[in-house]
Amino acid sequence: MAAVTPESVTRLIEAFAQLPGIGPKTASRLTFYLLRRPAEQAQALADALRDLKQKTIFCSTCFNITEVSPCAICQDEGRDRSIVCVVEEPLDVIAIDRTGQYRGLYHVLHGAITPVEGIGPDELRINELMARLKEAQQTAEPVKEVLLATNPNLEGEATGMYLAQLIQPLGMRVTRLARGLPVGGDLEYADIVTLGRALEGRREM
Ligand SMILES: [Zn+2]
């Protein structure tokens, strides 16, 4: 029996269905929606998807996603260079910056230590963080505080503990977000007010 649906249609449905939060039904709906729309709209989407991977790189300093390296945050002279906030994902940078409670620099680990998935310290940007902190100590603008803002779940807490043990011998202040964030959740889903309070009430490790 010949396939009822053209291959190009099936292909897009399958591609959409691989995205988080999109089931087969939504994938079909999105695909047939695009079929009804002008060609320019589909083209704009295709261009955006291509540029996403072709134009973005990791910042050589903080490993956030950027189109220029060092990124806009690392280059921003108005930011407090004495404090570095360590997060798991680029989305966390956006979430924390949106609170307006934090004006320091960032460091993106790109995950948390998760032994069951084979993610150890070497899979994360931890060596780069340590090198960066040590390097800053030799400059006129040393880092005085490292704020560990990993997720308030098992992996995030373990990663925070691991980092605290590494960083404390360097003699800088190591802090953690205040408790009160939804436990087990991701930082990116915390509301601005709660996250702002957690930043304000950060505690020593
Ligand atoms: Zn950067």
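Both counts, for ligands and for their atoms, begin at 1 and track the order of listing. Note that the coordinates shown come from a computational prediction; the quantities given were computed from them, not determined experimentally.
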> Got a sec, which pairs hit ring-ring contact (aromatic ring centres under 6.0 Å, His included) with one end in residues 142-183, sequence neighbours left out?
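Those involving residues 142-183 do not exist here.
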> Which other residues end up in the same hydrophobic cluster as F16, if Ile, Leu, Val, Met, Phe, Trp and Tyr are linked when side-chain heavy atoms come under 4.5 Å apart?
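Under the 4.5 Å side-chain rule, F16 groups with L12, L19, I22, L30, Y33, L34, L45, L49.
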> State yes or no: do L166 and V174 share one hydrophobic cluster built from I, L, V, M, F, W and Y residues joined by side-chain heavy-atom distances below 4.5 Å, directly or via other members?
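Yes, L166 connects to V174 through the hydrophobic network.
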> Within a radius below 2.8 Å of the Zn ion (ligand 1), how many protein N, O or S atoms are present?
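Near the Zn ion (ligand 1), the number of protein N, O or S atoms below 2.8 Å is 4.
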> Quick one: do the R176 and T150 side chains pair a donor with an acceptor below 3.5 Å?
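The answer is yes; a qualifying pair exists.
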> Return each pair, listed once, that meets ring-ring contact (aromatic ring centres under 6.0 Å, His included) where at least one residue sits in residues 56-79; pairs must be two or more places apart or across chains.
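Only F58-H110, F63-H107 qualify under ring-ring contact (aromatic ring centres under 6.0 Å, His included).
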> Just wondering, are more than 12 heavy atoms of other shown residues or ligands nearer than 6.0 Å to CE in M205?
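Yes - once you tally the heavy atoms of other residues, nucleotides and ligands closer than 6.0 Å, there are more than 12.
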